[in-house]
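Worth knowing before you read on, the calculation uses all heavy atoms, side chains too, and leaves out hydrogens, waters and symmetry mates. Fair warning: this is a prediction, and the values are worked out from it, not measured in the lab. Labels below follow one simple rule: chain letters A, B, ... track the order of the sequence lines, proteins then strands, and each chain is numbered from 1.
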Protein chains: 2
Amino acid sequence: MPKLVASDIATALKKRISSGEWIENGRIPPERDLASEFGVARNTMRRAVSFLEDDGTVVRHVGRGTFLTAPNPASMTAVVGRMEGTSPADMMEIRQLLEPAAASFAATNASAMELNAVREAHRIACESQDMPTFEHWDAEFHHRIFACSRNEFLKEIHNLMRILRNQAPWFEMKKRSFSEERRSIYCSEHQMVLDALLRRDPESASQAMLAHLKTVERNLLGR
Amino acid sequence: MPKLVASDIATALKKRISSGEWIENGRIPPERDLASEFGVARNTMRRAVSFLEDDGTVVRHVGRGTFLTAPNPASMTAVVGRMEGTSPADMMEIRQLLEPAAASFAATNASAMELNAVREAHRIACESQDMPTFEHWDAEFHHRIFACSRNEFLKEIHNLMRILRNQAPWFEMKKRSFSEERRSIYCSEHQMVLDALLRRDPESASQAMLAHLKTVERNLLGR
DNA sequence: TTTATCTGATCCAATATTGAGCCATTGATA
DNA sequence: TATCAATGGCTCAATATTGGATCAGATAAA
């Protein structure tokens, strides 16, 4: 049995960390416990942990403990918490990345039935007479395109965006930006997206969606 | 056995909540009961419950009790739950949309200090000798690029992706795909991204990042 | 030998837990 | 209506845990 040195212990610790051992709440056991578990003195364990600290695997807090710097599952809720402060401008920027891609995916992957659902949402939105109804079916149109993108992660990101868009700052903005003229513009732009999807043309679908989102951004943010 | 601290208890509580334990009335037992059940002081249990309150899992009412905030199941927490099942393939697809954009934003928006931080992460990753250290600074390289993209929403989406990448299916995959040769390829690809950032060249930064992600995808998913 | 490292021990400072008590609100009961 | 038990909100002093730091000796390798 080779003598245990601090650097060996450090790599052993890394192994246990990357095996997901302490990922639960991101806290690793106290130095004193680790030392006795590995059968070394606390000083040695301290040096070992220092290696992890040096390469940023871990941060230490007096009186609290030693914590993994890698984010842990429990912090997902914190992330979505912070997301609630997302500015409309930032989100529109990302929508312009994701939605054209979603449209492109949909053009290649969607089933006929799914495309029918998209068309249906578009139809109702066009025929709607009041702002809340239009708002709802407009959102549904976009949602159904994501729904047939065949990428679960993309769909969930869009769900996040939908939720965020239902919050206070957006509501005001949408109310301000609504007008009959704009609604008809949105409808014809949606039509172009829908046509491209029905033609199974990813490239055009992507472009049409991007063009539409540029319009929305202009209206929403007033640029 | 790790000493029970408040945050541990919080995660234990979350586990019991998500296992449907107290779903019936949407009410969880009184602090005093929980404290004695977990064998901690009420103050500690109060702190634990406060964690749940902070991330919105629970609401407290003086004199009435503590209740689950279940009436909003279609919201964020549900999204988070579904996201945990994201497949690596789906996520890689989205990374290839977002990260080139992040690199492009970074090329135009990053401060000199931020770019220095990116370079630093790159340097340490290149010099690292073992897989966990490389892994960590590789992730940090990407993270720091997002950090200077100046888009809060984009940053938070990346945080979500980081968390998901720390879960089980990814671990196995990364372990399988790691090799000295691949590491050096990653390093030279990172170098090209970094160079483009330092040249303040959004277009090249985006392309270099996309090329890198294609490599990663090939290695990870074996295509 | 010299050098580096580990050991075992002790003290310190920051933080957390404990145990106890008191208050305000609530809802049920007399 | 008045009372009362249950519950969360809050404070406080004592104790325990934990990382930070240092030192003298033991051990092993060069």
Rounded to the nearest Å, what distance is computed from the CG atom of residue Asp8(A) to the P atom of nucleotide dT5(C)?
12 Å
Rounded to whole Å, how long is the line connecting atom CZ of Phe67(B) with atom C1' of dT25(C)?
13 Å
Rounding to an integer number of Å, can you tell me how far Asn43(B) CG sits from dA13(D) P?
14 Å
Charged N-O contact under 4.0 Å between Arg46(A) and Glu53(A):
no
Assess whether a salt bridge exists between Glu114(B) and Arg150(B), defined as any Lys/Arg side-chain N lying under 4.0 Å from an Asp/Glu carboxylate O.
yes
Does a side-chain N-to-carboxylate-O contact under 4.0 Å join Glu135(B) and Lys14(A)?
no
Can you find a heavy atom in the side chain of Val5(B) that is under 4.5 Å from one in the side chain of Arg27(A)?
yes
Of residues 50-58 of chain A, the positions that come close to DNA chain D - non-hydrogen atoms, cut-off under 4.0 Å:
none
What is the distance from CZ of Arg47(A) to P of dG19(D), rounded to the nearest Å?
18 Å
May I ask you to check whether over 12 heavy atoms, not counting those of Met92(B), lie within 6.0 Å of atom CE?
yes
Go through it in stages, so that I can follow the logic: the residues are Asn151(A) and Ser149(A), the test is side chain to side chain donor-acceptor pair (under 3.5 Å), and I'd like the CA-CA distance, side-chain angles, deciding distance and then a yes or no.
CA-CA 5 Å; Asn151(A) 184 309; Ser149(A) 71; 5.8 Å; no
What I want to find out is whether Arg123(B) reaches Glu120(B) closely enough, with some N-O distance under 4.0 Å, to be called a salt bridge.
yes
Please enumerate all protein N or O atoms sitting under 3.5 Å from an N or O of nucleotides 1-8 of chain D, with distances to 0.1 Å.
{"unit_1": "dT7(D)", "atom_1": "O2", "unit_2": "Gly63(B)", "atom_2": "N", "d": "3.2"}
{"unit_1": "dG8(D)", "atom_1": "OP1", "unit_2": "Thr66(B)", "atom_2": "N", "d": "3.4"}
{"unit_1": "dG8(D)", "atom_1": "OP1", "unit_2": "Thr66(B)", "atom_2": "OG1", "d": "3.2"}
{"unit_1": "dG8(D)", "atom_1": "OP2", "unit_2": "Glu31(B)", "atom_2": "N", "d": "2.9"}
{"unit_1": "dG8(D)", "atom_1": "N7", "unit_2": "Arg32(B)", "atom_2": "NH1", "d": "3.0"}
{"unit_1": "dG8(D)", "atom_1": "O6", "unit_2": "Arg32(B)", "atom_2": "NH2", "d": "3.1"}

Specify whether His143(A) and His158(A) have parallel, tilted or perpendicular ring planes, treating 30° as the upper limit for parallel and 60° as the lower limit for perpendicular.
parallel
